Amino acid sequence: MPIEARDIEALIREAFPNAKISVQGDDGAHFAAEVIDESFRGLNRVQQQRAVYAALKGKMDGPNGALHALALTTKAPD
């Protein structure tokens, strides 16, 4: 079953309630997201992105995952 951008945003928002989140994509499998959150301050890019992928609760796991691809940009606020 395809996933929608709003579903991805909701999953990320559960883990990062105060984040600025933007999710783009409408084909049900390929998306781009930008997540800006204070909790990323002091973390390297890999640590930031791992935190966001963990928030997706397995939606990208394996060939049967609902989400096939997510181009992810993360950072702390300026």
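Computed from a predicted structure; not experimentally measured. Along the sequence shown, residues are numbered consecutively beginning with 1.
Applying the side-chain contact (heavy atoms from CB on, under 4.5 Å) test between I12 and each of V35, L72, D7, D37 identifies V35 as the sole match.
In this structure, CD on E14 lies 10.5 Å from CG on L56, to the nearest 0.5 angstrom. Considering CD of Q48 and CG of L43, their distance stands at 6.0 Å, rounded to 0.5 Å. How far CD of E9 is from CZ of F31: 12.0 Å, rounded to the nearest 0.5 Å. Summarising the geometry, atom OH belonging to Y53 is positioned 8.5 Å from atom CG belonging to L67; distances are rounded to the nearest 0.5 Å. For the atom pair CD1 of I8 and CD of Q24, the computed distance is 10.5 Å after rounding to the nearest 0.5 Å.
Ring orientation note: the planes of H68 and H30 are nearly perpendicular, at an angle over 60° on the 30°/60° scale.
In terms of modelled atom types and a separation under 3.5 Å, the side chain of E38 and the main chain of A76 share no donor-acceptor contact. For Q49 (side chain) and T73 (main-chain N/O), no donor-acceptor pair under 3.5 Å exists by modelled atom type. In this structure, Q47 contributes its side chain and N44 its backbone to a donor-acceptor pair below 3.5 Å. Formation of a donor-acceptor pair under 3.5 Å by the R13 side chain with backbone atoms of A19 is found in this model.
Across A15 and A55, no two heavy atoms sit closer than the pair CB-CB, 3.5 Å. For A5 against V23, the heavy-atom pair with the smallest separation is CB-CG1, 3.7 Å.
Of the charged side-chain nitrogens involved, none lies within less than 4.0 Å of a carboxylate oxygen, so that K20 and E34 do not count as a salt-bridged pair.
Other residues, nucleotides and ligands contribute over 12 non-hydrogen atoms within 6.0 Å of the CZ atom of R41.
Using a 4.5 Å cut-off on side-chain heavy atoms (C-beta onward), V52 and F40 make contact.
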